[in-house]
**Q** 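One structure follows; several queries about it will come next.
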Amino acid sequence: MKGTIFRLIAVSLSVLGYTQSANAATLQEVEQRGHVRCGVNPHLPGFASQDTKGKWSGLDVDICRAVAAAVFDDPDKVKYRPIPPAQRFDALLSGEIDILSRTTTWTLTRDTKDAVNFTGVNYFDGQGFLVHKDLGVRTALGLGGARICAVEATTSIKNLNDYFVLHRMQYKLKTFPGSDEA
């Protein structure tokens, strides 16, 4: 049973995108350190957020806790690292974090060019536009020429561009480092 758990952890840690031998080395490093370093989105209630006492909660936090429980038999052996979207892959590939458990779209480019391996989908979402009611826009087709803000280094920007190109509409994009600023 314990061997199965360690194989599961090695697969979970394969998010790092290294070979299997590197995964074993990562697992050894985590065990020697005594905790898992988990990259999370710090401003997304329901996925990862801190209460006033500093306690983390949410779906992404629970995944980190599950990994820690499997490795250490203690779900509290996790250190959370708030990671902005633009730095999430750099933090993962540099070894600043052991796993990335945060909203990240699985794309072919990220799976190949960016040298990371996704372990599975745990959440499906969609994308939409939030428009002030006074503008009278009833559908996204009414957004031609609009000024649109989005979080930098996210798949949302590519989706946005694809939509506007498909419908031959112009737009002006303003990006921000996080959802609070956007």
Side-chain angles (χ1 to χ4, degrees), residues 4-5 7-18 23 36-51 55-71 75 78 80-93 97-132 137-143 146 148-167 169 171 173-182:
T4 302
I5 290 173
R7 280 192 293 282
L8 175 63
I9 294 309
V11 169
S12 296
L13 292 176
S14 72
V15 170
L16 292 168
Y18 300 129
N23 285 335
V36 176
R37 296 175 306 190
C38 191
V40 295
N41 182 342
H43 305 292
L44 198 55
F47 289 89
S49 59
Q50 282 183 293
D51 64 18
K55 181 172 171 48
W56 287 90
S57 64
L59 176 64
D60 295 339
V61 169
D62 288 343
I63 290 170
C64 299
R65 290 174 53 78
V67 170
V71 174
V78 180
Y80 300 98
R81 301 257 174 112
I83 306 287
Q87 287 137 19
R88 60 191 156 176
F89 293 112
D90 290 339
L92 182 63
L93 294 172
I97 57 176
D98 302 310
I99 63 172
L100 180 64
S101 181
R102 58 156 291 146
T103 51
T104 299
T105 304
W106 188 345
T107 68
L108 182 60
T109 300
R110 288 177 175 165
D111 215 16
T112 57
K113 179 180 132 308
D114 294 341
V116 296
N117 291 322
F118 289 79
T119 57
V121 175
N122 67 350
Y123 180 79
F124 288 93
D125 71 351
Q127 188 170 332
F129 297 97
L130 182 63
V131 181
H132 197 282
V137 175
R138 298 289 175 232
T139 73
L141 292 171
L143 292 173
I148 299 175
C149 63
V151 177
E152 65 189 19
T154 61
T155 309
S156 299
I157 294 171
K158 183 184 178 327
N159 295 344
L160 171 70
N161 190 61
D162 288 350
Y163 180 84
F164 276 80
V165 167
L166 176 69
H167 295 288
M169 299 185 318
Y171 69 100
L173 178 64
K174 172 79 174 161
T175 61
F176 297 89
S179 56
D180 289 346
E181 298 89 350

**Q** Are the side chains of Phe129 and Ile148 in touch, meaning some heavy atoms are under 4.5 Å apart?
**A** yes
**Q** Working to the nearest 0.5 angstrom, can you tell me the gap between Ile83 CD1 and Asp90 CG?
**A** 10.0 Å
**Q** Starting at CG of Leu44, measure out to OG1 of Thr103 and round the result to the nearest 0.5 Å.
**A** 5.5 Å
**Q** Starting at CH2 of Trp106, measure out to OG1 of Thr155 and round the result to the nearest 0.5 Å.
**A** 13.5 Å
**Q** With sequence neighbours left out, write down each residue that passes ring-ring contact (aromatic ring centres under 6.0 Å, His included) with Phe124, or none if nothing qualifies.
**A** none
**Q** Could you tell me which non-hydrogen atom of Pro177 sits nearest to which non-hydrogen atom of Val151, and how far apart they are?
**A** O-CG1, 3.8 Å
**Q** Between atom OG of Ser101 and atom CG of Asp62, what is the distance when rounded to the nearest 0.5 Å?
**A** 9.0 Å
**Q** When the side chains of residues 160-167 are checked against the rest of the protein, which donor-acceptor pairs come out under 3.5 Å, sequence neighbours left out?
**A**
unit_1 : atom_1 : unit_2 : atom_2 : d
Asn161 : OD1    : Tyr171 : OH     : 3.0
Asp162 : OD2    : Lys158 : NZ     : 2.8

**Q** Tell me, do Trp56 and Val40 make a side-chain contact under 4.5 Å, heavy atoms counted?
**A** yes
**Q** Return the minimal non-hydrogen interatomic distance between Cys38 and Ile97, and the atom names on each side.
**A** C-CG2, 4.3 Å
**Q** Which pair of non-hydrogen atoms, one from Ala68 and one from Val78, has the smallest distance, and what is that distance?
**A** CB-CG2, 3.3 Å
**Q** I need the minimum non-hydrogen distance between Ala86 and Glu152, along with the two atoms involved.
**A** CB-OE2, 3.8 Å
**Q** For Cys64 versus Tyr80, what's the shortest heavy-atom pair and its separation?
**A** CB-CE2, 3.7 Å
**Q** Where do Leu100 and Leu92 come nearest, in terms of heavy atoms and distance?
**A** N-CD1, 4.1 Å
**Q** Are Thr105 and Thr154 packed together at the side-chain level, in the sense that at least one heavy-atom pair is separated by less than 4.5 angstrom?
**A** no
**Q** Over 60° means perpendicular and under 30° means parallel, so classify the ring planes of Phe118 and Phe89, tilted if in between.
**A** perpendicular
**Q** Is there a donor-acceptor pair under 3.5 Å between the side chain of Arg102 and the backbone N or O of Gly39?
**A** no
